[in-house]
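One structure is given below, encoded as structure tokens.
Worth knowing before you read on, the calculation uses all heavy atoms, side chains too, and leaves out hydrogens, waters and symmetry mates. Please read these numbers as outputs of a predicted model, since none were measured by experiment. Just so it is clear: chains get the letters A, B, ... in the order the sequence lines come, proteins before strands, and each one is counted from 1.
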There are 4 protein chains.
Amino acid sequence: MSTDRDTSLRADARRNRDQIVDAAKTVFQEQGPEVPMEEIARRAGVGVGTLYRRFPDRDSLIGAVARDSFGRVRDEVRAVTAKEPGAWETVARLLAYSREMRVMVQLGFSERARTIKSHDPFVRGIQEELTDLLDRLVVTAQEEGTLRPDIGSGDFSVLLSLLVRHLPAAQEELADMVLHRATAVILDGLRTPGGPLPGRALTAPEVL
Amino acid sequence: MSTDRDTSLRADARRNRDQIVDAAKTVFQEQGPEVPMEEIARRAGVGVGTLYRRFPDRDSLIGAVARDSFGRVRDEVRAVTAKEPGAWETVARLLAYSREMRVMVQLGFSERARTIKSHDPFVRGIQEELTDLLDRLVVTAQEEGTLRPDIGSGDFSVLLSLLVRHLPAAQEELADMVLHRATAVILDGLRTPGGPLPGRALTAPEVL
Amino acid sequence: MSTDRDTSLRADARRNRDQIVDAAKTVFQEQGPEVPMEEIARRAGVGVGTLYRRFPDRDSLIGAVARDSFGRVRDEVRAVTAKEPGAWETVARLLAYSREMRVMVQLGFSERARTIKSHDPFVRGIQEELTDLLDRLVVTAQEEGTLRPDIGSGDFSVLLSLLVRHLPAAQEELADMVLHRATAVILDGLRTPGGPLPGRALTAPEVL
Amino acid sequence: MSTDRDTSLRADARRNRDQIVDAAKTVFQEQGPEVPMEEIARRAGVGVGTLYRRFPDRDSLIGAVARDSFGRVRDEVRAVTAKEPGAWETVARLLAYSREMRVMVQLGFSERARTIKSHDPFVRGIQEELTDLLDRLVVTAQEEGTLRPDIGSGDFSVLLSLLVRHLPAAQEELADMVLHRATAVILDGLRTPGGPLPGRALTAPEVL
DNA sequence: AATGAATGAGATTTCATTCAT
DNA sequence: TATGAATGAAATCTCATTCAT
């Protein structure tokens with residue numbers, strides 16, 4: 001199990017806990033981590049008191065969401081690279097379209113969430129593993145010649161993180177097309193060795 | 001004059017007003033539009049009372065900032081395309097590195113700011129003009145063969161808006177390199193006709 | 001049996017009840033009667049649910065503690081005065097050093113507890129008997145010439161109640177010495193007919 | 001000026017501040033330092049917001065009350081001992097009947113208030129000076145032969161602190177008589193060299 | 001006109017009490 | 001019956017906005 005769910009909870013309490021984390025993930029993704037706690041509780045279908053029994057304050061809830069999302073992202077990337085070590089496009093699309101990634105990045109916007117994450121050993125551990133996975137992915141893909149040679153895992157991360165944000169779209173129906181097309185352009189930019197990039201290849205730890 | 005500054009104000013009142021808008025722009029860019037009003041007032045070096053005399057509520061301040069920033073962006077794009085109608089790279093770099101663009105996009109994150117902007121005729125006017133400028137820019141550049149033919153002004157806007165966001169960078173010194181490299185990759189993706197893009201070319205009004 | 005323990009309870013339920021009253025006594029003495037119910041339950045080693053099964057609300061728990069403590073104090077004073085009707089010093093030291101007295105007085109600090117006690121017929125009954133015991137003690141001791149003649153059982157109670165409170169002591173080891181010395185000074189003040197006291201002798205019912 | 005009032009406040013703000021401290025002093029004395037902030041605000045005739053503008057949290061209000069009360073007590077003791085260095089009875093009565101002392105002692109009941117006071121350099125300074133004043137007072141009085149020789153300034157403090165607490169009194173009219181008589185008995189105990197006291201003379205720093 | 005003090009509505013958090021397991 | 005999870009009312013605290021100086 002990649003997440004820190006406490007399996008010792010009573011069944012109903014456990015269900016509530018999961019609903020709370022899930023609701024929080026949804027609203028964090030939509031509105032960032034400062035949403036009223038009542039809103040989260042309401043969406044989870046519980047009273048505020050219940051929320052506070054599980055998570056003594058907002059920070060601890062943010063931490064739980066971060067651990068859950070990071071864990072899932074790590075698992076997905078692990079699974080793909082285990083099968084095809086150089087499948088950078090698959091990974092890129094996976095992450096660009098992943099709800100869990102969106103939460104991660106959305107949490108990255110708030111100084112508060114960033115602090116919490118950086119103090120959480122579990123999250124840091126996952127981050128390190130992700131860094132390693134991406135490093136290997138980039139190197140392998142460049143050896144295979146599918147990925148331009150002058151970028152590093154850091155550049156790759158940055159470009160992915162861009163796609164994960166709320167993209168503008170006046171009409172809701174277009175949202176997916178907007179995302180898919182932007183993704184495709186960026187993948188094209190990554191594939192072809194274009195004009196020389198300024199500076200030097202960045203590694204993931206330099207940007208995450 | 002591109003902005004709606006009231007030239008009938010006394011010189012000192014005018015100075016105050018400008019300081020407030022400037023301070024608001026700065027903190028909006030850093031922390032989004034929900035910063036405490038006192039913080040804005042403090043940074044502007046005035047009392048809250050003065051802020052409220054100029055801007056009866058937060059919405060009106062957000063509106064003023066939006067009008068100011070949009071106006072300046074429009075002016076810059078106008079200036080460049082007047083000289084070289086197909087200079088899409090120049091425009092792209094201009095916007096990617098512009099503080100005013102950053103404010104605009106940061107305001108785009110908040111539902112509240114989006115509503116305000118969409119109800120402001122002045123902003124809508126600028127937006128329409130910007131849309132036209134971008135349309136012409138894209139078409140001209142595609143005729144010149146410097147820009148891939150399968151994108152529209154909407155796709156172009158989306159990709160620019162990505163670059164304008166806070167990019168991740170663990171070390172502050174790297175921030176600029178991160179931005180410049182990401183910009184270069186995206187420009188490469190826009191230049192070369194790569195794999196076929198999914199869907200159809202999007203126009204600016206569809207995404208802004 | 002001096003207290004109102006329900007002898008019809010099953011053995012384990014009875015043990016629970018006693019543990020709860022004892023835990024409550026301890027924390028009431030330490031922190032007053034507004035401690036969180038969970039804290040009391042935890043110290044008693046039971047769940048809150050069990051606590052509430054025994055005592056439907058906080059008031060009823062306070063009442064039970066009061067009845068228990070008052071009962072024990074009454075029993076002790078009874079025992080001493082039965083043997084030596086004028087042993088005022090013995091009684092004074094007994095009470096000054098008694099945990100049960102401390103609880104009683106601590107409960108006296110809170111308006112809430114005072115109300116509960118004054119509405120509880122059992123406690124009132126004990127109080128009346130205590131009053132009588134003290135009256136007789138004071139009169140006898142004054143006839144024997146060991147207690148100054150110008151004080152009443154009320155003054156006596158007041159001075160005892162002072163000793164029963166948390167005395168200040170920066171170092172914990174000194175706590176006992178602090179208490180013993182203060183007690184001795186007060187007993188000296190009670191023994192010797194010193195300067196004339198202001199007002200008139202007070203009776204116990206006037207102050208309790 | 002012995003207290004830390006900020007004389008730079010605007011007149012009305014200053015008046016409000018004083019009213020808040022005064023109201024807090026009153027309710028702290030009556031109910032201890034955990035009274036609802038709204039209650040304090042109401043008694044001071046201001047909104048909660050005003051209270052929080054002056055005192056960002058409860059601790060800071062407790063601190064302000066402590067500084068104010070300690071300062072006044074110190075000033076009074078200073079004044080008396082300056083005129084008559086051995087006037088221990090005057091000082092004792094002064095403190096026993098002083099509202100400021102009552103607040104100080106009431107605050108001493110709460111662990112929280114104790115922590116705050118012990119971290120406040122201003123309060124600590126006053127405490128040290130008070131300690132010195134009492135030391136000298138006790139020594140002088142013992143040289144004059146009016147105070148029993150076997151007590152220290154610590155014992156003296158303890159006995160005074162007892163008098164300062166809420167004394168029991170069923171009828172409110174008797175409260176004063178109760179206090180005056182208890183004070184007189186204790187002063188008698190302090191005057192006459194009675195039976196030998198257990199332990200050794202305690203100094204003020206040992207108990208405060 | 002500018003200031004910053006006061007207000008009170010809303011958000012966070014705690015805890016007495018009830019109720020499902 | 002015992003447990004501890006859920007609830008919601010009450011307390012704490014923040015901040016947008018108004019108003020006295």
Side-chain angles (χ1 to χ4, degrees), chain A residues 8-17 20 34-41 44-61, chain B residues 9-10 12-13 16-17 20 34-42 44-61, chain C residues 9-10 12-13 16 34-42 44-61, chain D residues 8-17 20 34-41 44-61:
Chain A
S8 66
L9 284 176
R10 227 166 65 182
D12 58 340
R14 177 55 197 289
R15 190 169 347 97
N16 273 334
R17 202 205 113 99
I20 291 169
E34 305 295 341
V35 226
M37 296 295 260
E38 293 246 6
E39 162 92 0
I40 300 170
V46 303
V48 238
T50 303
L51 197 167
Y52 274 94
R53 161 177 280 269
R54 273 323 139 219
F55 306 99
D57 54 23
R58 182 185 296 278
D59 285 1
S60 105
L61 177 58
Chain B
L9 286 175
R10 248 172 45 191
D12 58 341
N16 271 342
R17 205 204 111 98
I20 291 169
E34 305 295 339
V35 211
M37 296 295 260
E38 294 242 8
E39 162 93 0
I40 301 170
R42 188 157 32 72
V46 303
V48 243
T50 306
L51 195 166
Y52 273 92
R53 159 172 294 272
R54 289 298 157 236
F55 306 99
D57 54 23
R58 180 186 296 278
D59 284 2
S60 106
L61 175 59
Chain C
L9 286 174
R10 249 173 44 191
D12 57 341
N16 270 344
E34 304 294 339
V35 212
M37 295 296 260
E38 294 242 7
E39 161 95 359
I40 301 171
R42 188 159 31 72
V46 302
V48 244
T50 306
L51 195 166
Y52 273 93
R53 161 172 293 271
R54 291 297 158 236
F55 305 98
D57 55 22
R58 181 187 295 277
D59 285 2
S60 107
L61 176 58
Chain D
S8 67
L9 285 175
R10 226 168 65 183
D12 58 339
R14 176 55 197 288
R15 191 171 344 100
N16 274 335
R17 202 205 113 98
I20 291 169
E34 304 296 339
V35 226
M37 296 294 262
E38 293 246 8
E39 162 92 0
I40 301 171
V46 303
V48 238
T50 304
L51 198 167
Y52 275 95
R53 161 178 279 267
R54 269 329 133 214
F55 306 99
D57 54 23
R58 181 186 296 281
D59 285 2
S60 104
L61 176 58

- Query: For V35(A) and I40(A), which heavy atoms make the closest approach, and how far apart are they?
  - Reply: O-CD1, 4.3 Å
- Message: Is it the case that atom CD in E39(C) sees more than 12 heavy atoms from other parts of the structure closer than 6.0 Å?
- Response: yes
- Task: Whole angstrom is fine here: how far is it from CD1 in I20(A) over to C1' in dA5(F)?
- Result: 11 Å
- Item | Gap between atom OG of S60(A) and atom CZ of R54(A) - 0.5 Å precision | 11.0 Å
- Item | Neighbour count above 12 (heavy atom, 6.0 Å) for E34(A) CD | yes
- Interatomic distance where CG belongs to D59(D) and C1' belongs to dA11(F) [whole Å]: 15 Å
- Separation of E39(C) atom CD from dG4(F) atom P, in whole Å? 16 Å
- Message: Without decimals, in angstroms, what is the distance between Y52(B) OH and dA5(E) C1'?
- Response: 14 Å
- Message: Distance check needed: dC19(F) P versus D57(B) CG, whole Å only.
- Response: 15 Å
- D57(C) to Y52(C) - nearest heavy-atom pair and separation: CA-CE2, 4.1 Å
- Task: Please report the shortest heavy-atom distance between L51(D) and V46(D), naming the atom on each side.
- Result: N-CG2, 4.4 Å
- Query: Within the pair N16(B) and dA2(E), is there a side-chain N or O less than 4.0 Å away from OP1 or OP2?
  - Reply: yes
- Message: Any side-chain N or O of R58(B) below 4.0 angstrom from OP1/OP2 of dT17(F)?
- Response: no
- Query: Tell me: CE of M37(B) to P of dG4(E), nearest whole Å?
  - Reply: 16 Å
- Task: Verify the contact: side-chain N or O of R54(B) to OP1 or OP2 of dA2(E), cut-off strictly under 4.0 Å; return yes or no.
- Result: yes
- Message: Categorize V46(A) for me: base, sugar-phosphate, or nothing, with a 4.0 angstrom heavy-atom threshold over every strand shown.
- Response: sugar-phosphate
- Are any of R53(C)'s side-chain N or O atoms less than 4.0 Å away from OP1 or OP2 of dA2(F)? yes
- By nearest nucleotide on DNA chain F, pick out whichever of G47(C) and E38(A) is the more 5' one. G47(C)
- Enumerate, in order of first residue number, the stems that involve DNA chain E, defined as 3 or more consecutive Watson-Crick or G-U wobble pairs with both distances under 3.5 Å. E:2-21 with F:2-21
- In whole angstrom, give the distance that lies between atom CD of E34(D) and atom P of dA10(F). 19 Å
- Query: Where each residue is assigned the nucleotide of DNA chain E containing its nearest heavy atom, which of G49(C) and P56(A) is assigned the position nearer the 5′ end?
  - Reply: P56(A)
- Message: On DNA chain E, does the nearest nucleotide to V35(A) precede the nearest nucleotide to G45(D) from the 5' side, or the other way round? Give the residue.
- Response: G45(D)
- Query: How long is the span from the CD1 atom in I20(B) to the CZ atom in R17(B), to the nearest 0.5 Å?
  - Reply: 8.5 Å
- Rounded to whole angstroms, how far apart are CD1 on I40(C) and P on dG4(F)? 17 Å
- Query: Taking OP1 and OP2 of dT7(E), is either one under 4.0 Å from a side-chain nitrogen or oxygen of T50(D)?
  - Reply: yes
